[in-house]
Each structure stands twice: as C-alpha cells, then as structure tokens.
2 protein chains.
Amino acid sequence: MNYSRQRELILKIVQSDMSHPTVDSVYQALRKEIPNVSLATVYRNLNLLAESGEIRKIESLDGTAHFDFNTGKHYHFICIHCNKVYDIPCDVAPEVDKKAEELCGGKIISHDISFQGICHECLKLKKN
Amino acid sequence: MNYSRQRELILKIVQSDMSHPTVDSVYQALRKEIPNVSLATVYRNLNLLAESGEIRKIESLDGTAHFDFNTGKHYHFICIHCNKVYDIPCDVAPEVDKKAEELCGGKIISHDISFQGICHECLKLKKN
DNA sequence: CCAAAATCAATAATGATTACTATTATTGTT
DNA sequence: AACAATAATAGTAATCATTATTGATTTTGG
C-alpha cells in the first residue's frame, strides 16, 4: 500500500469528522482539495483504510456505509428518522467476543452494538 | 394487515428460512408459488412486516438487507468471507438499552449486537 | 352490490457501489 | 538522475439494491 495524497487526505477528512461521514460526504470534502478526484478513489481508499484498521466501517439501516475515525471501543446509536449515527461510550463487558466465539464455532474478530431509536434532535422536532 | 396471499407467503418464507434471507432470496422463493410476483411487492411487504415487528431487519456490511424470523432476543454473527448471517443465542445483560439511553439523550427502541469474523465453514475452506 | 381504500404487477428511475481502462505516481534499485 | 516494476489514479461504464410511479385489480365496510 503505497503513499498517495488522496489516501492521506481521505484519512484526515474522516479523522477530523465526528459525524460518521458517508462515502459521499468524504467525496464532497475531498473535492475542495482535489477538485477532479474520482469517486471510485474515495470508495477504494475508504475500504482499504477500513480493512487495514485505520478507520472503521459502520453498517446502517439506510443502506449506505458510514465511516468512523474512532477505532477505540465504543458503540453506535442510529436514529431511525434522520439516519444520523452517534457514538455511545462503551462500558459493556468486553468478554462478549470470547463468549460468542464459544457459541458459534468460528473466529470472532470484533463486534459492534448498534442501538436504534429516535435521537434527541428528532424528538424535539416531533413535539413542535 | 394480513389479507394478501403475497404477504402471507412472504411471511411464511421468512419464517421457514433459518438463514436470514435477503430480499432477493425471498423473491426467488416466492416466485415458485407466484411466478409473476413483483420484486417491489417483496420489498414493500418485507419492510412492512419488519415495521410491524413480525420479522426483523438486519443490517450487514455487504450493503444488502437481511431478514430474520426470530424476533426473540438473540444476536448475530456475520462472516466477512461468505457474508452469511448466523444467530447467536443472547445472554447479555438486558439493561444496556437503559444505560445507553442515559448516555445519548434520545429514545432507544432496540439494539443488536453484530459480531464479525470468519465462520466455521470458511475456516475449514482456508485450511484446505 | 357499490364505492373507497389497499394492494398488486410491471417497469422506470434513482442511488450506491464496483469494474474497467488508459494514464500517472511511487518505490526501490542502479 | 534514469529505470523498471508496481500501485494508485481519473474517468466512466456497468452492476446491484432499492424506491417511485402508474394504472389495473382486489378487498373491505357499509
């Protein structure tokens, strides 16, 4: 995996964005620096960075991939109204991987807890 | 909400399929009964059934929705090689929703734990 | 039986992602 | 600095998943 300005900037963009950006968000931000960058480049590098563990890829019910610079232990909260993804600081028992591994017979690499619900913002909107 | 043959069959198909079928799997199975059924019908009804809580919609990193007839408490294991989804019987503390709700300020409806790793089958294949 | 509402099939349209190709950049080595 | 091998890129086409549209058909409640 060689150096490229594109990849470096993509990593920086994700790392400076708390809001779990989608591929498209990263693409829009990157175009401000490299106007003729290709969308395929963004896809390729985000997936590479996720595979190498420098960022994290998050599933979400809206059918689009989100990326998270925070590779430390934490979980996610996805609003079913606005599809935003929030971090939830983790304090759940860390031995769940081991426990689950015993139950499934495969090799477990990681886990994520995704909470679904309605976020603070959307709750406010509903009341108005 | 239960008077169309299509919806009834879709529900039965999911309920009789342990393997967390995708929209397309359900579509293929349904066509054996109703050859000219529309894919849109499958999408609409699977989402309706998931909203009404009769089945469960599962997110997965491969970008396709999976559906699960098992609406009881359990978690999921997704193989990063074959993308199959397995159930993991749940015995994790149920108070995580409450705990997370305090932390995020929104309203939490449910949560899912998805474990990622390499499943038993794929481990075997690797060795050969 | 009739009218309103719900559902349907078929297909078009959209949105996300991947594949492909010719070109350019990076790397380690002379 | 020039070289070849490799990796990455831009641009675009193709693919895959999903949603929207439309007009016909079916169900429901009176």
Side-chain angles (χ1 to χ4, degrees), chain A residues 1-14 19-52 54-68 78 80-85, chain B residues 1-14 19-52 54-68 78 80-85:
Chain A
M1 189 151 123
N2 282 341
Y3 167 88
S4 83
R5 189 159 95 91
Q6 286 85 343
R7 176 147 52 226
E8 192 177 306
L9 275 169
I10 286 169
L11 180 57
K12 271 190 194 159
I13 287 167
V14 176
S19 76
H20 305 80
T22 62
V23 173
D24 198 62
S25 318
V26 175
Y27 178 54
Q28 298 305 335
L30 185 56
R31 291 224 291 182
K32 288 175 190 164
E33 300 289 326
I34 310 174
N36 66 334
V37 73
S38 166
L39 181 57
T41 298
V42 180
Y43 269 98
R44 183 161 20 79
N45 283 300
L46 284 173
N47 283 323
L48 281 171
L49 289 167
E51 276 175 37
S52 79
E54 300 189 68
I55 61 178
R56 207 164 131 191
K57 190 173 185 176
I58 311 165
E59 9 178 338
S60 139
L61 281 177
D62 67 356
T64 67
H66 293 248
F67 292 86
D68 189 352
I78 299 166
I80 59 175
H81 277 111
C82 65
N83 281 319
K84 279 210 195 85
V85 181
Chain B
M1 172 168 130
N2 220 3
Y3 61 83
S4 88
R5 189 159 99 89
Q6 285 85 347
R7 180 170 310 147
E8 197 175 303
L9 274 170
I10 286 169
L11 180 57
K12 270 189 197 162
I13 286 168
V14 176
S19 75
H20 306 79
T22 62
V23 173
D24 199 62
S25 318
V26 175
Y27 177 54
Q28 299 304 336
L30 185 57
R31 290 224 292 184
K32 288 176 189 164
E33 299 290 325
I34 310 173
N36 64 337
V37 74
S38 164
L39 181 57
T41 299
V42 180
Y43 270 97
R44 181 163 21 80
N45 284 300
L46 283 173
N47 284 323
L48 281 171
L49 289 167
E51 276 176 38
S52 79
E54 299 188 69
I55 60 177
R56 207 164 133 191
K57 190 174 186 175
I58 311 166
E59 2 174 346
S60 133
L61 280 178
D62 68 356
T64 66
H66 294 248
F67 292 86
D68 189 352
I78 299 165
I80 58 175
H81 276 111
C82 65
N83 281 321
K84 279 210 196 85
V85 182

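Per chain, numbering begins at 1; letters A, B, ... match sequence-line order. Just so we're clear, the structure is a prediction, and the values are computed from it rather than from any experiment.
When the ring-ring contact (aromatic ring centres under 6.0 Å, His included) test is applied to A:His66, no partner is found at least two apart in sequence or on another chain. For A:Thr41, the side chain to side chain contact (heavy atoms under 4.5 Å, CB included) partners at least two apart in sequence or on another chain are A:Gln6, A:Val37, A:Ser38, A:Arg44, A:Asn45. Annotation: side chain to side chain contact (heavy atoms under 4.5 Å, CB included) contacts of A:Gln28 (sequence neighbours excluded): A:Asp24, A:Arg31. Shown here are the side chain to side chain contact (heavy atoms under 4.5 Å, CB included) partners of B:Ala50, two or more places apart in sequence or in another chain: B:Ile55, B:Lys57, B:Phe67. Looking at residues two or more places apart in sequence or on another chain, you find a side-chain hydrogen bond (donor to acceptor under 3.5 Å, both in side chains) between B:Ser19 and B:Asp17. Looking at residues two or more places apart in sequence or on another chain, you find a side chain to side chain contact (heavy atoms under 4.5 Å, CB included) between B:Glu33 and B:Leu9. The side-chain hydrogen bond (donor to acceptor under 3.5 Å, both in side chains) test applied to B:Glu51 returns no partner, not counting sequence neighbours. With sequence neighbours excluded, the residues forming a salt bridge (Lys or Arg N to Asp or Glu O under 4.0 Å) with A:Lys12 are A:Glu8, listed by chain and number.
Taking a 4.0 Å limit (strictly below) on heavy-atom distances, residues 28-37 of chain A reaches DNA chain D at A:Asn36, A:Val37.
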Assign a letter to each nucleotide of nucleotides 14-30 of chain C from its 5' end: B, base within under 4.0 Å of a protein heavy atom; S, sugar-phosphate only; -, no contact.
-> --SBBB------SS---
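Rounding to the nearest 0.5 angstrom, the gap separating the CZ atom in B:Arg7 from the CG atom in B:Leu30 is 12.5 Å. Here the straight-line distance linking atom NE2 of B:His20 with atom OG of B:Ser60 works out to 11.0 Å at 0.5 Å rounding.
Where the helix from C:dC1-D:dG30 to C:dT30-D:dA1 starts and where it ends, the local axes point in directions that differ by 40°; five pairs per end, rounded to 10°.
In this structure, B:Leu9 atom CG and C:dT7 atom P are separated by 16 Å, rounded to whole Å. Here C:dT7 presents its P atom at 15 Å from CG of B:Leu46, a figure rounded to the nearest Å. Protein atom CD of A:Gln6 is 17 Å distant from nucleotide atom P of D:dA7, rounded to whole Å. Rounded to an integer number of Å, the gap from NE2 of B:His66 to C1' of D:dC16 is 14 Å. Per the geometry, CD1 belonging to B:Ile10 stands 12 Å off P belonging to C:dT7, to the nearest Å. In this structure, CG of A:Leu48 is placed 15 Å from C1' of D:dT6, rounded to the nearest angstrom. Atom P of nucleotide D:dT26 and atom CZ of B:Arg7 are separated by 17 Å, given to the nearest angstrom.
Of all non-hydrogen atoms in A:Ile58 and A:Val85, the two that sit nearest each other are CD1-CG1, 4.4 Å.
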